[in-house]
Amino acid sequence: MKSFSLPAALSATATRRRRDPTRVITGSFLAVIACGTLLLLLPAANRTGAPPHWMEALFTATSATCVTGLVAFDTWSQFSVFGQVVILLLIQIGGLGLVTLTSFFHIAVGRRLGFQGLRLAGESVSLSDAGQSRAVLLFVMKVAFLFESAGAVLLAFSFVPRFGPRGVFVAIFLSVSTFCNAGFDILGFIEPGSSLTAFGNDPYVLAVISVLIIGGGLGFLVWQDLAAWRRTHHLRTHTKLVLWGSGGLLAVGMLGVLLLEHQNPLTLGPLPPGEKLLHAAFTSVSARTAGCNTFPLEKMSNITKIFLTLLMFIGAAPGGTGGGVKITTVSVILLAIAGVAGGRDEAIIFGRRIGHRTVYRALTILLLSLVACVTVTLVLFFNLNTAEPNGVDCMFEAVSAFATVGLTVGVTAVMNPVARAVTMAAMFLGRVGPVSLAISLAARRDNAAARRVVPPEAHINVG
């Protein structure tokens with residue numbers, strides 16, 4: 001009989017925890033944020049040479065790595081070209097994931113990924129089958145390069161004539177930022193903190209940026225499925241659900257903003273019908289976790305803010321650069337509700353059954369996310385440097401942070417240190433995922449026999 005060794009058991013447990021994909025992915029984001037904070041504190045990273053307060057640098061690095069876009073100050077006004085490059089790299093790493101990038105470079109130089117490496121890479125791109133990780137990783141990098149390079153070239157056609165040589169870097173920065181659904185911009189030389197308001201009547205620029213946002217938000221597994229359609233003539237249920245759901249939400253979002261704001265004299269009211277439609281369409285796209293705006297959002301009515309908060313909370317699709325609880329999560333829950341209401345025990349989509357485990361996971365994600373957003377909203381309400389905080393604005397900012405959107409109604413500018421710390425935690429939780437973070441922090445039991453125990457069924461009356 002093999003003797004038991006406590007040191008060996010502890011070492012084995014520590015090794016398993018270090019190899020756990022959720023722990024590694026969570027740790028990689030923390031490491032990138034720490035490195036980004038140190039780089040942004042360097043004098044060379046700041047336009048005046050005077051570094052910001054460490055809390056503001058940490059907030060910026062967290063927002064960039066978590067591809068959110070909430071900022072303590074205007075990016076162009078505060079940071080030098082070096083600092084802007086650091087933020088751009090943080091956005092790229094955060095959008096694709098450090099694990100995804102390092103796994104890809106291992107493959108690119110001919111190194112073989114072992115089982116743990118494949119499992120980790122698969123988890124980083126929301127892939128259930130680790131055996132497909134290598135092919136999916138290569139495809140992810142191809143899609144990202146294609147979208148970002150094409151976007152930079154197309155935007156350069158508009159920016160270079162306007163801004164000269166500077167327009168090249170502006171085009172590259174915005175292309176990467178919008179494909180990664182980050183919401184950062186370096187257009188502060190036009191007007192600090194203006195985002196895309198200078199291009200609100202430019203359909204070409206807004207169309208290119210909208211395609212980049214949607215491209216990153218659909219998810220790489222959807223693009224892989226679409227790329228194989230000519231060969232397979234078949235789309236997976238996940239792809240169909242994402243495409244139908246995304247299209248429906250974009251249409252509902254556009255119509256909602258248009259109806260709610262078309263008479264508001266502070267936003268869309270004074271604009272001609274064509275520009276109203278353009279602003280409403282772009283706002284619907286951006287609210288799906290991109291964080292760019294073409295008109296001052298703080299001047300919207302409260303009902304419009306609540307409407308956009310709902311869109312932000314739902315977010316984009318899994319396995320992409322967008323955030324939110326994900327459109328598939330909400331769809332699964334709605335289908336489960338429809339199934340129960342229709343007298344069925346299971347949810348059905350496109351003639352296929354949705355497993356109970358998927359429904360349970362969707363419910364867990366939704367409830368944990370709601371708890372997180374409500375908690376952050378309450379913390380913000382009591383920790384703002386303003387005499388009369390607006391509860392709707394606090395909710396908007398809390399969901400924007402958690403869903404890694406980056407749209408703001410001015411709350412970020414008046415946060416005290418406690419509010420900033422909680423907002424950073426919300427951005428990190430939203431990027432990593434509430435369930436993944438909970439798993440990474442939990443002490444997981446390795447006793448297989450205990451996991452096989454089936455307790456007796458409890459009978460509880462509900463409803």
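All values reported here derive from a predicted model rather than from experimental measurement. One-based numbering along the sequence shown.
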Just wondering, do [Y] and [X] contact through their side chains at under 4.5 Å, heavy atoms?
X      : Y      : result
Leu268 : Leu271 : yes
Ile306 : Met395 : yes
Phe184 : Leu90  : no
Leu155 : Val205 : yes
Ser63  : Met424 : no
Ile354 : Glu346 : no
Ile349 : Thr237 : yes
Leu308 : Val257 : yes

Has [X] got a side-chain atom pairing as donor or acceptor with [Y]'s backbone, closer than 3.5 angstrom?
X      : Y      : value
Thr283 : His279 : yes
Asn383 : Val379 : yes
Tyr204 : Leu154 : yes
His238 : Val222 : no
Asp225 : Leu235 : no
Thr267 : Met300 : no
Ser284 : Ala281 : no

Distance under 6.0 Å and angle within 45° of ring axis: Lys240 vs Phe350: yes
Residue from Thr412, Thr309, Thr377 passing side chain to side chain donor-acceptor pair (under 3.5 Å) with Glu397: Thr412
Inter-residue atom distance [X].[atom1] - [Y].[atom2], 0.5 Å rounding:
X      : Y      : atom1 : atom2 : value
Leu88  : Ile172 : CG    : CD1   : 8.0 Å
Trp223 : Thr239 : CH2   : OG1   : 11.0 Å
Phe313 : Ser369 : CZ    : OG    : 5.0 Å
Leu277 : His262 : CG    : NE2   : 13.0 Å
Leu226 : Leu218 : CG    : CG    : 8.0 Å
Asn293 : Ser286 : CG    : OG    : 7.0 Å

Phe159 and Phe199 aromatic centres sub-6.0 Å: yes
Residue pair Phe179, Ile214: steps toward the side-chain contact (heavy atoms from CB on, under 4.5 Å) verdict: CA-CA 8 Å; Phe179 176 74; Ile214 295 171; over 6 Å; no
Working for side-chain contact (heavy atoms from CB on, under 4.5 Å), residues Ile327 and Arg288: CA-CA 10 Å; Ile327 188 170; Arg288 301 288 307 290; 4.3 Å; yes
Candidate pair Lys299 and Asn264, rule side-chain contact (heavy atoms from CB on, under 4.5 Å), full reasoning: CA-CA 9 Å; Lys299 297 179 180 179; Asn264 187 340; 5.6 Å; no
Heavy-atom closest contact ([X] atom, [Y] atom, distance):
X      : Y      : answer
Val67  : Cys180 : CB-O, 3.4 Å
Lys305 : Phe396 : O-CD1, 3.5 Å
Ser194 : Leu187 : OG-O, 4.0 Å
Val376 : Ala398 : CG1-CB, 3.6 Å
Gly94  : Arg431 : O-NH2, 2.7 Å
Thr423 : Met415 : OG1-CE, 3.2 Å

Qualifying residue, where the test is side-chain contact (heavy atoms from CB on, under 4.5 Å) with Leu70 and the options are Leu407, Thr62, Thr408: Thr408
Pair Ser175, Glu148: side-chain N/O donor-acceptor within cut-off below 3.5 Å: no
Residue pair Thr304 / Ser301, side-chain donor-acceptor N/O under 3.5 Å: yes
Residue Arg344 excluded, over 12 heavy atoms near CZ under 6.0 Å: yes
Criterion side-chain contact (heavy atoms from CB on, under 4.5 Å) on Cys292 and Thr178, from CA distance to verdict: CA-CA 8 Å; Cys292 303; Thr178 51; 4.1 Å; yes
